[in-house]
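Working notes, structure below.
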Amino acid sequence: MATRIHPLLILFTVLVYVFLLGPLIIIFGASLSDTTYLTFPPQGLSFRWFQNIWDISAFRRTIVTSLQMAFLGTGIALIVGIPAAYALNRYRVTLPGWLSTLFVLPILVPEIVIGFSLLRSVTVQAGVPVWYALLIGHTLLVIPYVIRVVSASLASFDFSIEEAAISLGSPPARTFFTIVLPNIRSGVIAAFILSFITSINDVSVSLFLTGPGVSTLPIQLLAHMEQFFDPTIASVSVVLMLLTILVMIIVERTLGLAIVAK
Amino acid sequence: MKRLAGWMLASPATLAITFLLVIPVAITVGLSFGSPGQGDWGIVQPYADFFASGFRRNVLWRTFTVAGWVTVISLAAGLATAYVVARCPPWMKSTLIVLAVFPLLTGVVVRSFAWLVLLGREGMVNQVLQATGLTDGPVAMLYTQGAVIVAMVYIFVPLMVLVLVGVLENIPEDLLQASSSLGAGPVAGFFQITLPLAVPGLIVGAVLVFTASFTSYATPHLLGGTRQMMMGTFLQQRALVAFDWPGAAVVAAIMLAVIVATVLVMTRVARRLNPMAT
Amino acid sequence: TTFTISWWGFNGDKMQEIIVNPFQELCGCEVVFETGNNGDRLNRLAMRSGAGVDVIYLTDSYSQAGIEQGLFQPIDRAQVPNIAELYDLAQAPQGEFGPAYTVGRIGLVYDAARVDPPITSWNDLWRADLASSLSLPNITTTAGPMVVLQAGRHAGVDAYTDEDATFAALAELAPNIVTNYNTGSEMINLFSTGEISVSMTQDFTLGRLRDAVPTIEWATLTDGEIAVLNTINIPTGSENVELAHQFINFVLSADIQRQLAEQGVDAPVNATVELSPEAAGMWTYGQEQIDSLQRIDYSQLNPARDRWLDRWNETFGM
Amino acid sequence: MTQALTIDRITAHYGTTKVLEDLSLSVAEGELVSLLGASGCGKTTTLRLVAGFLQPTAGAIRLGDKDLTRLPAHQRDIGLVFQNYALFPHLTVRENVAFGLKQRKVAGPERLKRADAMLDRVGLAHLADRLPGALSGGQKQRVALARALVIEPPLLMFDEPLSNLDAKLRIDMRVEIRQLQRANGTTALYVTHDQEEAFSISDRVAIMHQGRIMQLDTPEVLYQRPANAFVANFVGFENLIPLQVTTRNGAEITARTAEGAALTLSQDQLGPIPDAFTLATRPDGLQVTATGGAGLPATLGLRTYLGRAYQYQARAGALSLTANGPLSQPLDPGTAVTLVPNPEQCAILKPE
Amino acid sequence: MTQALTIDRITAHYGTTKVLEDLSLSVAEGELVSLLGASGCGKTTTLRLVAGFLQPTAGAIRLGDKDLTRLPAHQRDIGLVFQNYALFPHLTVRENVAFGLKQRKVAGPERLKRADAMLDRVGLAHLADRLPGALSGGQKQRVALARALVIEPPLLMFDEPLSNLDAKLRIDMRVEIRQLQRANGTTALYVTHDQEEAFSISDRVAIMHQGRIMQLDTPEVLYQRPANAFVANFVGFENLIPLQVTTRNGAEITARTAEGAALTLSQDQLGPIPDAFTLATRPDGLQVTATGGAGLPATLGLRTYLGRAYQYQARAGALSLTANGPLSQPLDPGTAVTLVPNPEQCAILKPE
Ligand SMILES: Nc1ncnc2c1ncn2[C@@H]1O[C@H](COP(=O)(O)OP(=O)(O)OP(=O)(O)O)[C@@H](O)[C@H]1O
Ligand SMILES: Nc1ncnc2c1ncn2[C@@H]1O[C@H](COP(=O)(O)OP(=O)(O)OP(=O)(O)O)[C@@H](O)[C@H]1O
Ligand SMILES: [Mg+2]
Ligand SMILES: [Mg+2]
């Protein structure tokens with residue numbers, strides 16, 4: 001639009017961006033430092049803290065657990081959430097209104113309360129093994145994201161296409177897989193990415209649900225930070241950021257980032 | 001028949017959320033109440049105890065203050081930034097949005113950690129302060145309320161920018177043209193048209209940020225330490241260190257109540273400020 | 001099989017090298033860990049009704065609590081022949097349950113480059129020139145309650161009976177405190193980043209502290225140091241009881257005890273261990289020194305600690 | 001192959017709202033019948049019932065001698081063309097067209113051959129490998145048609161298939177649809193709310209209103225002999241003048257309005273006239289004359305320019321009428337005139 | 001108060017795309033001029049230039065004797081009615097109307113008085129406290145009008161103000177707009193793509209095509225004497241028949257098509273006729289006779305029912321023509337007929 005923006009406002013925006021991105025650059029610098037403690041600007045140049053991630057078995061172990069939780073939790077959430085989102089949109093009139101409210105509850109209830117409550121009911125009372133309890137927590141955490149994002153893309157899905165397929169002789173179940181699913185693909189992928197990132201970064205739920213031998217990367221990071229203050233944390237952070245950039249590039253290439261921005 | 005199909009598809013999610021979320025949380029809330037005969041206050045005795053303790057009141061109040069400041073600062077910074085971003089040419093807009101999204105995708109732990117590095121006695125901020133002669137010696141910034149607020153603002157501004165860019169872009173350009181054709185300059189247009197119309201979005205953003213900062217754990221844990229205990233860290237201490245489950249349940253229930261109240265009040269306020277939002 | 005150890009996670013790489021790797025070879029099992037501070041780990045254990053880990057490292061105050069909650073099983077001493085080689089006080093500090101594997105002192109450390117004059121007494125913690133340069137152990141840690149005891153002494157009262165005066169003294173201390181730490185390594189971080197220059201700690205941290213900040217000194221206190229025994233126990237829910245006994249015996253062997261001491265990890269309790277002079281200087285070592293330490297009465301301190309928790313929070317958390 | 005459709009006394013509800021009531025309709029073999037009516041009158045609902053996306057609460061639907069009423073939608077074998085085409089966006093044009101054949105387990109090569117042959121017939125062979133997103137509105141329309149036709153359905157149904165096209169294309173496409181339907185001799189049910197479209201494409205038109213059929217007849221009959229006031233109004237008889245016969249003189253009758261103005265009408269031109277009736281006229285069927293004579297005395301109101309004529313709002317006693325006058329002689333508001341009905345543009349409505 | 005608008009040889013670009021070229025237009029004081037043209041022809045762009053939302057790359061815009069060209073939009077003092085009304089959804093009807101007065105620092109009580117008076121004039125006084133969301137389309141329209149009028153602008157502009165309304169309301173509202181504009185004597189520029197609307201509301205109509213004005217004239221002239229083939233086609237002269245004069249006999253001339261068919265035309269009826277010209281006729285202006293005689297011999301194609309007549313596609317040599325025939329005598333495809341132009345529905349186009 002033709003309206004000019006005040007220079008002070010632009011300056012302010014630049015400062016906000018410096019504020020947002022500066023710390024990440026500093027982490028990056030610190031990860032390359034040769035010292036055993038954190039400094040910026042880095043003194044010396046070394047990749048040994050990256051090496052260290054691999055050397056410390058706890059990181060290897062927790063990265064695996066985190067990936068398991070993210071993939072499985074998101075997978076289960078998709079399996080459970082997509083039909084729910086479909087039902088919400090397709091049978092809007094016949095399903096009660098409170099159902100969609102129920103589906104966003106996990107967002108409304110503080111994560112830390114979810115974690116605490118699950119610890120008590122699932123781990124302690126029901127005696128579910130730690131690994132499974134953690135998986136339950138992560139699944140629960142991401143279900144609402146799946147339902148919301150998939151719903152958004154179903155909301156713009158033209159159900160007459162489904163009816164067209166049925167009228168051409170395709171049974172309803174097959175129609176879902178051959179017609180509906182391919183057309184909400186981008187929504188499903190967006191839901192997957194969002195859930196995956198949410199799960200892999202989660203602290204509050206995992207905090208309560210981790211146990212002996214089973215911990216997630218963020219929890220391990222917190223523990224490590226309590227014990228060491230060396231640049232390993234910075235290296236892990238950098239690796240995570242690079243992973244994120246990779247994911248974003250893939251997303252951008254395949255779908256366009258508008259999806260994440262939603 | 002249709003009805004049945006809908007229910008069948010929705011049932012796994014419904015059951016999962018009911019049994020794994022609603023019921024456990026309900027049990028937690030139940031646990032937070034005492035037995036009828038207990039103390040002067042009967043079943044709400046644990047709450048009476050909570051509010052009788054200066055420390056606990058203080059934790060609650062501090063959490064309110066921090067969440068409040070974080071919300072206000074994030075709103076202001078987010079709104080100004082979103083306003084500029086929304087007005088940029090398309091290519092620049094998408095770049096700026098990507099840059100704002102990026103920190104959002106790195107976890108809370110990593111982002112809090114960054115401030116641990118920055119705010120330390122020998123961190124960047126202190127180095128800059130001393131180099132520029134603003135202070136003589138290093139200033140203790142870690143483990144203060146300010147540190148928690150700064151780190152949380154850092155975490156929530158990207159979210160706010162994203163929400164608000166969407167909101168500002170949804171305000172039809174027509175309306176601003178209409179207002180300028182009626183004689184309103186850019187500033188008048190902003191305050192009389194853009195801002196009121198952005199209110200629903202501002203509320204959404206504010207609720208999001210307030211609830212998330214009110215319940216956060218990692219940031220106050222890392223940057224506030226034990227001296228800046230907030231509801232999240234306090235809940236963790238009660239549950240996992242002191243092993244005081246009823247006490248933890250009270251904290252959890254209060255958190256839940258505050259969140260629900262906030263959401264209700266803010267939506268009410270939004271409706272007030274912007275009568276067409278329903 | 002998987003053998004699970006619950007410990008602090010402190011000195012991770014040295015423990016891995018000295019204990020975990022050789023033991024894995026010995027037992028042909030895989031060792032995994034649960035880490036965290038005493039209270040945290042004990043509570044998780046309690047939540048799991050004593051299951052989930054095979055051995056648990058705790059300081060004596062917490063192992064006492066664990067024993068009172070019925071979380072541990074008696075040690076079959078026949079399976080741990082090395083117990084016989086330990087100093088008397090380490091063999092059975094809490095009855096039939098776990099032996100101590102190390103003995104330590106709680107005292108003060110300071111960065112000599114930044115603190116002048118040096119620290120010589122507990123009362124120095126209250127010095128005005130130490131504003132915002134102190135980190136004390138949180139009350140939920142082993143050493144935490146000792147802070148309260150020292151505050152009582154500073155105020156000239158018995159901390160158990162005159163809590164008001166004790167906590168008033170603690171409140172006076174608040175301006176000097178940057179933060180309360182929960183783990184020893186957190187404290188080391190605080191030193192290495194220059195956040196603090198004085199702290200109260202156990203002697204086993206000194207080696208790592210000096211690595212990070214060479215100018216750190218162990219304060220020679222005119223008013224005495226406090227003894228701490230760290231024990232190893234086998235929880236009731238251990239799934240590898242035999243291995244657990246084998247592990248304890250392994251850890252108490254003279255060779256391991258000596259290595260740990262020489263590497264700056266833990267002081268030895270095996271009376272047959274001979275240390276190099278430097279190592280000996282670092283630890284609570286030798287019959288004579290061990291006999292001179294004062295022991296805490298946990299049956300009195302543990303209940304008091306729960307009472308103090310809230311007041312502590314109110315003093316430092318506001 | 002093609003078969004007659006019979007809809008027999010059907011009632012349908014959405015939830016508890018009744019949308020169709022006791023609706024009967026039949027389409028003969030090879031015939032094209034349109035459902036014409038305002039938005040929300042139940043046209044789409046009728047199609048959905050026939051297609052099987054909705055279950056009637058009463059009544060039956062038959063195609064030839066097969067009872068469709070309880071058959072699942074995907075077994076009904078009905079070609080359907082949707083308002084917005086409902087092409088599968090992720091499939092190419094060819095795959096869209098072949099989709100129905102695939103469901104019928106037609107083998108790959110045969111399937112492609114038939115799909116391509118059909119695309120050739122609708123003139124889209126060169127676009128077979130495009131995705132629907134890259135087609136123009138008219139091309140999409142033809143793909144939708146090809147997709148519905150290729151399964152050689154005994155019945156073809158269209159739901160406002162042209163409403164998303166621009167005016168020019170709409171006319172071209174309706175000619176094309178009509179030609180294809182004729183050439184295949186397919187029975188067809190066609191939904192539209194555009195009167196001109198319905199009249200120009202159909203053998204018969206059903207005028208619907210609030211879930212009922214008001215009249216089902218050929219376009220000519222509907223246009224010239226509407227059966228009731230609703231249909232009359234719908235086809236453009238804007239003026240409804242209630243009259244009472246005063247004298248009958250063979251085929252000639254004289255009738256009066258409530259105000260007493262007298263009109264003379266001929267039963268030879270208008271068919272039998274009952275004693276009490278309503279005369280319906282189009283604006284073109286009421287001639288405005290400033291010179292007086294036999295007719296309705298009236299006062300002119302607003303004049304608008306129609307291009308081919310001027311249109312006047314006129315007041316005759318209690319009646320508000322619309323009449324057209326010649327371009328040669330514009331009349332100003334307030335002029336007193338006589339309105340003379342032209343029997344060619346009039347219809348007689350019996351009291352209901 | 002009201003002033004004449006002059007747009008003087010304006011060129012406008014969006015980025016590097018030229019949208020308007022060398023466009024001139026003037027609207028006299030109190031006159032209403034419409035811009036009529038297909039989607040994308042530049043109508044809105046013209047309004048945006050006058051309103052100041054877009055800067056011309058060349059040319060000037062004047063209102064009375066004030067040069068607007070470089071003035072910021074909010075200082076131009078022009079009333080604007082948007083296609084979708086652009087009412088401020090968070091302000092009540094009264095606040096919407098008062099908005100412009102507020103910007104002009106009119107004091108509170110005076111402001112309310114004037115806003116209410118204006119609401120009264122558009123018949124919405126009783127809805128003053130509602131929010132726009134709770135109004136019907138027609139009511140919104142009137143609020144938009146009131147909001148634009150209350151600042152008593154020297155110029156009022158409308159961008160397709162009626163296109164979101166249903167047919168009936170559209171007609172009512174255009175009458176209302178016209179009456180208010182007349183009563184205030186406001187100069188007005190009105191954008192629409194609806195020909196009937198433009199013709200019925202305007203003093204003059206500018207027909208636009210691809211960023212240029214093809215003809216600017218009164219509706220009657222445009223309708224009967226289009227200046228070029230584009231305008232002719234636009235106002236419904238669907239048939240364009242190129243002719244060459246062979247003999248002139250006073251006012252009577254004879255002209256031939258390329259195929260040699262001869263037509264006789266009168267300059268008294270059609271105006272002066274150059275030697276080479278195109279005869280433009282509407283379908284109604286080409287009469288179909290099966291009996292032969294003077295005219296264009298042709299073969300009939302598809303017949304469609306129009307209600308008041310049958311319409312035929314006809315082929316006369318290389319020409320494809322559309323003609324109407326009487327209801328009394330339907331003719332089948334393939335019939336050989338003669339097409340006779342009716343001079344009242346014809347126009348002469350000079351070669352371009
Ligand atoms: N899914 C539904 N649930 C409830 N009511 C419905 C539903 N679909 C349609 N209706 C109602 O049923 C009535 C008939 O709808 P239908 O779609 O058949 O109308 P239509 O004649 O096709 O109109 P249009 O020309 O707008 O397409 C309308 O009043 C509509 O509001
Ligand atoms: N913001 C823009 N950027 C680039 N091109 C534009 C922009 N707005 C309009 N155009 C182009 O300029 C031309 C004229 O647009 P304009 O909006 O003036 O058309 P219009 O006559 O108002 O059409 P409509 O009847 O659809 O409103 C069109 O080809 C359009 O695609
Ligand atoms: Mg419909
Ligand atoms: Mg436009």
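Convention: sequence-line order gives letters A, B, ...; per-chain numbering from 1. Just so it is clear, the structure is predicted and the values come from calculations on it, not from any experiment.
Taking all atoms of both residues into account, the shortest heavy-atom contact from P12(B) to V80(A) is C-CG1, 3.7 Å. The two residues T13(A) and A80(B) come nearest to each other via the heavy atoms OG1-O, 4.1 Å. Across every non-hydrogen atom of G232(B) and I112(A), the tightest pair is O-CD1, 3.3 Å. Closest non-hydrogen pair, A13(B) versus F103(A), comes out as CB-CE2, 3.7 Å.
Contact count versus chain A (heavy atoms, under 4.5 Å) is highest, among I27(B), L240(B), V150(B), for L240(B). Chain B forms the most heavy-atom pairs under 4.5 Å with one residue out of L140(A), V203(A), V16(A), I107(A), and that residue is L140(A). Comparing V260(B), L31(B), I23(B) by how many heavy-atom pairs each has under 4.5 Å with chain A, the most go to L31(B). When each of H221(B), M231(B), R111(B) is scored by its heavy-atom pairs under 4.5 Å with chain A, the top score falls to H221(B). In terms of heavy-atom pairs under 4.5 Å with chain B, the best-connected choice from L9(A), L221(A), I82(A), L240(A) is L9(A). With respect to chain B, the highest number of heavy-atom pairs below 4.5 Å among P23(A), S121(A), S204(A) belongs to P23(A). Among V22(B), V165(B), V108(B), L222(B), the residue with the largest count of heavy-atom pairs under 4.5 Å with chain A is L222(B). The residue among L15(B), I259(B), L235(B) with the most heavy atom pairs within less than 4.5 Å of chain A is L235(B).
With a 4.5 Å cut-off on side-chain heavy atoms, P96(A) and W7(B) count as touching. The side-chain heavy atoms of W245(B) and V124(A), taken from C-beta on, include a pair separated by under 4.5 Å. Between Q236(B) and F116(A), the closest side-chain pair of non-hydrogen atoms is not below 4.5 Å. Looking at heavy atoms from C-beta onward, T211(B) lies out of side-chain contact with P110(A) at the 4.5 angstrom threshold. Between V113(A) and T215(B), every side-chain heavy-atom pair lies at or beyond the 4.5 Å cut-off.
To the nearest 0.5 angstrom, L20(A) atom CG is 11.5 Å from I155(B) atom CD1. Here the straight-line distance linking atom CG of L105(A) with atom OG1 of T18(B) works out to 9.0 Å at 0.5 Å rounding. Atom CD1 in I114(A) sits 11.0 Å away from atom CG in L20(B) (nearest 0.5 Å). How far OG of S11(B) is from CG of L99(A): 10.0 Å, rounded to the nearest 0.5 Å. Note: I27(A) CD1 to T106(B) OG1 = 7.5 Å, rounded to the nearest 0.5 Å. Here the CG atom belonging to L99(B) is positioned 10.5 Å from the CG atom belonging to L24(A), to the nearest 0.5 angstrom.
Using a 4.5 Å cut-off between heavy atoms, V104(A) does not touch chain B at all. In this structure, chain B has heavy atoms under 4.5 Å from both the backbone and the side chain of S117(A). Of the two parts of L207(A), the backbone and the side chain both hold a non-hydrogen atom closer than 4.5 Å to a non-hydrogen atom of chain B. The part of L118(B) that comes within reach of chain A is its side chain, from C-beta onward, which places non-hydrogen atoms under 4.5 angstrom from that chain. Heavy-atom distances place the side chain of V85(B), and not its backbone, under 4.5 Å from chain A. When heavy atoms are compared at a cutoff of 4.5 Å, I136(A) approaches chain B solely by way of its side chain, counted from C-beta outward. Interface remark: L119(A) contributes side-chain atoms only to the contact with chain B (heavy atom separation under 4.5 Å). Both the backbone and the side chain of V109(A) come within less than 4.5 Å of a heavy atom of chain B. Only the side chain of F12(A) comes within contact range of chain B, judged by heavy atoms closer than 4.5 Å.
When the shell of 6.0 Å around CZ of F159(A) is examined, it contains more than 12 heavy atoms from other residues, nucleotides or ligands. Taking a 6.0 Å sphere around CZ of R148(A), one finds it holds 12 or fewer heavy atoms contributed by other residues, nucleotides or ligands.
With ring centers used as reference points, F19(A) lies under 6.0 Å from W115(B).
Under the 3.5 Å distance criterion, the side-chain polar atoms of Y17(A) are matched with a main-chain donor or acceptor of L96(B).
Proximity to chain A at a heavy-atom threshold of 4.5 Å picks out A248(B), A249(B), A252(B) from residues 247-254 of chain B, in numerical order.
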key: Audit row: M225(A), L116(B), side-chain contact (heavy atoms from CB on, under 4.5 Å) steps and yes/no   = CA-CA 10 Å; M225(A) 256 185 262; L116(B) 211 51; 4.0 Å; yes
key: side-chain contact (heavy atoms from CB on, under 4.5 Å) evaluation trace for V205(A) with Y217(B)   = CA-CA 10 Å; V205(A) 169; Y217(B) 168 76; over 6 Å; no
